[in-house]
Amino acid sequence: MTISRAPLCLAAALLASVSGNAIAQIEQSALPVADAGADGQEIIVTARRTSERLQDVPVAVTAVSGDALERRQSANIADVEALIPNATFFAFGGSNNNASVYIRGVGQADQLFMFDPGVGIYLDDAYIGRAQGALFETLDIARVEVLRGPQGTLYGKNTSGGALKVYTRDPDLVEAGAQITATGGSYDYFSGKASFDLPIVEDRAGIRASVLRVSRDGVVKNLNSGADLQDRDYLGGQVTALARIDDRLTARLTFDIMRDRSTPAAPTPIVAVSFPPNVPPFSPQSPLPPRQSKADTPVRNDQDSYGFNGQLAWRGDQVEIKSITSYRRLKFRQAFDYDSFPYLLLSSNQRQRTTQFSQELQANFEPTDNLSFVGGLYYFEEKTDSVIGVPNTLPLQVAPGVFVPLENSFTQITDLKNKSYAAYLNAVWEVADRLSISGGLRYTDDRKKYLSSLTNDVFPTGNFSYDLSDSWSRWLPRIGIDFKITPDQLVYASYGTGFKSGGFNPRAASADVALSYKPETSETYEIGYKSTLFDRKLTFNAAAFYNRFKDYQTNLIAFVGTPPGPTSYFTNAGRYESWGAEAELTLRATQRLTLKAQASLFDDKFATFVNSIIGDFADKTLPNAPKFTTSLAATYVMPLGATTALELDGDVAYRSSSFINILNSPLLHRDAYTLANARMALSFRNGDLQLFAGVRNLTDKDYVVDGVNYIGATYGFLSYYYNEPRTYYGGLPVRF
């Protein structure tokens with residue numbers, strides 16, 4: 001595949017599967033969804049830190065409404081994956097909400113706290129630094145915006161791959177109201193959600209409170225213990241207070257809290273223990289079908305978190321000043337059994353506490369009708385302490401061909417202090433009618449201090465500790481140009497740069513690999529086209545991009561020593577290049593029928609990557625980056641009376657094959673797959689009362705989400721985490 005072929009392939013894909021840009025609506029009214037969008041109402045986003053029509057933003061951005069997530073019965077924001085071109089969202093290691101987010105091949109290779117994500121996740125414009133709990137439950141979400149490409153000259157925390165922004169709903173300041181939704185389904189699934197609006201001073205101040213309770217039996221069976229794994233046990237709540245103090249000053253304060261006792265999955269064993277054979281307690285094991293396990297240790301992923309987000313905005317005649325203050329605290333205990341065999345080979349236990357604080361001061365300034373500025377100052381501070389234990393039973397060779405089981409355990413105690421300072425400025429100048437030039441500059445200064453000690457209760461000579469600190473700073477420019485061919489057609493071109501700070505290897509099991517890694521930098525060239533045609537019945541957006549990365553950060557696991565044991569390297573992968581094309585289309589075919597689709601192409605290559613342990617990576621491709629994705633969604637609304645309607649929703653998504661890790665092992669390969677979902681609803685009283693039912697994963701398709709490959713190690717095994725099976729659901733939402 002070459003970039004020159006991309007537009008032709010993309011056009012063919014779209015002709016084959018009509019419809020989908022910005023698969024989003026602004027907050028829906030009580031009317032059925034197709035009616036709400038049939039008149040071509042505008043989609044408003046804040047991708048450039050000011051409210052704009054989506055079609056006027058010269059950036060590759062897709063928006064998904066909270067109502068759309070609810071209609072899909074999304075468990076969390078990872079379910080927007082099918083709607084976003086060149087995006088892969090899933091939960092690490094069989095968990096429910098530990099975020100692994102990739103956009104255009106850029107993401108986070110490991111969930112440990114040392115690794116900064118390539119895609120920034122924001123909650124109400126406040127950066128979320130850790131993967132744990134970052135796949136937010138769909139509690140009171142107003143919309144999700146996904147920006148593709150580096151975001152630095154408009155955001156406090158710079159990321160090289162893009163940004164996933166989650167916005168929660170504001171209180172209704174005029175009318176008190178409530179919505180209660182009860183949903184049941186397969187595996188004794190239950191979801192109860194309630195939201196309440198209470199105006200305090202009409203049109204001036206009000207409060208919105210929401211609570212969510214989710215429970216479900218597990219979908220993975222542990223044949224060893226009889227337990228059901230990967231269940232759901234979640235309780236969360238949120239309170240938002242909004243006050244329009246006067247015509248210029250607005251204050252917003254949000255508090256959210258979460259308690260998650262869901263049990264993660266234990267992976268499914270695929271390849272039995274290969275070395276040494278038939279040494280008690282080891283014995284050959286047969287592969288198991290998807291979502292079955294023989295884990296011998298309990299698994300858990302208990303998480304507790306809460307956070308405050310305070311925003312104060314003052315608007316003058318030509319300037320708006322905004323303060324965003326955020327504090328979050330996360331505590332969790334994890335236990336994973338990676339081999340899932342009925343004896344202790346490789347498992348881990350972790351306790352971690354993380355606190356983060358951020359402060360952003362932002363100013364929007366419009367001195368003239370054709371010139372505007374957005375600038376800001378940003379500070380981020382994070383403190384994390386962690387204890388990780390890795391117990392296992394390693395066979396020790398006491399004579400040629402003679403092995404005995406050996407109880408062994410590693411314990412690692414770590415502490416991280418992370419600070420980040422930034423300043424950014426972005427300007428948009430309308431140099432002539434319909435022609436604008438934008439440019440921005442960002443300065444970033446990141447500082448990390450890392451303390452770690454590792455003890456081995458069998459081989460004390462392997463004990464070591466280290467105290468490392470470093471800092472990295474960078475200037476990052478961006479420039480763009482856009483031209484409105486007509487009021488409803490926009491073309492643009494841009495050049496942007498990204499940066500991700502360096503760090504230290506937290507998985508080092510020996511002193512020789514307890515090394516630092518360098519920052520990752522990127523350059524992105526992008527051209528795009530946005531259009532709204534045929535009396536706003538057709539929306540078509542497309543973009544093509546070329547990325548060039550230097551010192552790409554990735555993790556490797558090599559098997560070294562005699563007998564071979566796993567050694568983790570978090571390293572820089574030299575240079576790589578990627579390119580691709582994306583398109584989104586929405587067709588409001590009739591007043592009743594809306595069709596939406598997206599399609600994307602992606603390809604990449606390493607220009608340089610030679611690792612002293614692994615070798616040359618010239619033929620490798622990026623993980624979690626399928627070459628082709630597409631999806632098609634349809635909504636049909638049939639009026640049955642003055643205030644009653646039947647709604648039909650269906651969607652299908654295809655993803656080509658991709659690798660799970662940077663080594664491109666054929667054993668950690670995700671085959672191409674297609675998923676389909678369907679839903680129907682009867683809506684009464686213009687949507688105030690509804691009965692709905694649906695099915696997810698309609699064809700009961702199985703595919704590999706994640707995996708663990710230790711083939712070649714002393715205790716060789718291969719295990720897979722699979723997607724969830726087909727499930728049915730039905731529910732009743734009521735608005736008061």
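This is a predicted model, so every value here is computed, not measured.
With salt bridges taken as basic N to acidic carboxylate O contacts below 4.0 Å, one links Arg315 and Glu320. Using a 4.0 Å cut-off between a side-chain N of Lys or Arg and a carboxylate O of Asp or Glu, Arg143 and Glu145 qualify as a salt bridge. Ion pairing of Arg72 with Asp79 is absent here, as no side-chain N (NZ or NE/NH1/NH2) approaches a carboxylate O to less than 4.0 Å. Salt-bridge annotation for Asp56 and Lys484: present, with a side-chain N of the basic residue lying under 4.0 Å from a carboxylate O of the acidic one. A salt bridge does not link Arg104 with Asp604: none of the charged nitrogens is closer than 4.0 Å to a carboxylate oxygen.
Residue Leu123 forms a side-chain contact (heavy atoms from CB on, under 4.5 Å) with just one option from Leu164, Thr168, Asn309, and that option is Thr168. Screening Leu668, Asn723, Ile660 against Val704 for a side-chain contact (heavy atoms from CB on, under 4.5 Å) leaves a single residue, Ile660.
Checked against ring-ring contact (aromatic ring centres under 6.0 Å, His included), Phe89 has no partners two or more places apart in sequence or in another chain.
Gln73 is not listed as a side-chain neighbour of Asn677, based on a closest heavy-atom distance of 4.5 Å or more. Here the side chains of Gln598 and Thr629 are in contact, with some heavy-atom distance below 4.5 Å. Looking at Lys518 and Trp472, their side chains never come closer than 4.5 Å, going by heavy atoms from C-beta outward.
Within a 6.0 Å radius of CG in Asp369, no more than 12 heavy atoms belonging to other residues, nucleotides or ligands are found. The number of heavy atoms from other shown groups lying within 6.0 Å of CD (Gln489) is above 12. Counting non-hydrogen atoms of other residues, nucleotides and ligands closer than 6.0 Å to OH of Tyr379 gives a total above 12.
Side-chain contact of Arg328 with Ser326: a donor-acceptor pair under 3.5 Å is absent, judged by distance alone. A donor-acceptor pair shorter than 3.5 Å can be found between the side chains of Thr368 and Asn370. Under 3.5 Å, the side chains of Ser323 and Gln359 contain a donor-acceptor pair of N or O atoms. When only modelled atom types and interatomic distance are considered, Thr62 and Arg148 share a side-chain donor-acceptor pair under 3.5 Å. There is a side-chain donor-acceptor pair under 3.5 Å between Tyr167 and Asp125. Ser631 and Asp651 form no side-chain donor-acceptor contact under 3.5 Å, judged by distance and modelled atom types alone. Checking Asp446 against Ser420 by side-chain atom types alone, a donor-acceptor pair falls below 3.5 Å.
For the atom pair CZ (Arg548) and OG1 (Thr524), the distance works out to 10.0 Å, reported to the nearest 0.5 Å. Residue Asn98 holds its CG atom at 12.0 Å from CZ of Arg130, rounded to the nearest 0.5 Å. Here the straight-line distance linking atom CD1 of Ile437 with atom CG of Leu371 works out to 11.5 Å at 0.5 Å rounding. Thr521 OG1 to Lys500 NZ: the interatomic distance, rounded to the nearest 0.5 Å, is 11.5 Å.
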> Please walk me through it: do Ile481 and Leu435 pass side chain to side chain contact (heavy atoms under 4.5 Å, CB included)?
Replying inline: CA-CA 8 Å; Ile481 185 171; Leu435 176 65; 3.9 Å; yes
> Gln55 and Asn541: side chain to side chain contact (heavy atoms under 4.5 Å, CB included), yes or no, with the steps?
Replying inline: CA-CA 8 Å; Gln55 294 303 97; Asn541 294 352; 3.0 Å; yes
> Can you list the steps and then say if Asp671 with Arg655 is a salt bridge (charged side-chain N to carboxylate O under 4.0 Å, His left out)?
Replying inline: CA-CA 9 Å; Asp671 293 336; Arg655 301 175 68 82; over 6 Å; no
> side chain to side chain contact (heavy atoms under 4.5 Å, CB included) between Tyr525 and Trp579: does it pass, once the steps are laid out?
Replying inline: CA-CA 9 Å; Tyr525 301 84; Trp579 52 92; over 6 Å; no
> What's the verdict on side chain to side chain contact (heavy atoms under 4.5 Å, CB included) for Lys627 and Asp603, showing C-alpha distance, side-chain angles and the deciding distance?
Replying inline: CA-CA 6 Å; Lys627 304 292 186 186; Asp603 205 353; 2.7 Å; yes
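Judged by the 6.0 Å and 45° rule, Lys157 forms a cation-pi pair with Tyr127. For the pair Arg670 and Phe90, the cation-pi test (distance below 6.0 Å, angle within 45°) is passed.
Ring geometry for Phe380 against Tyr378 counts as parallel: the plane angle stays under 30°, on a 0 to 90° scale with 60° as the upper cut. The aromatic rings of Phe540 and Tyr529 lie tilted to each other, with the angle between the two planes from 30° to 60°. By the 30° and 60° cut-offs, the orientation of the rings of Tyr654 relative to Phe628 is tilted.
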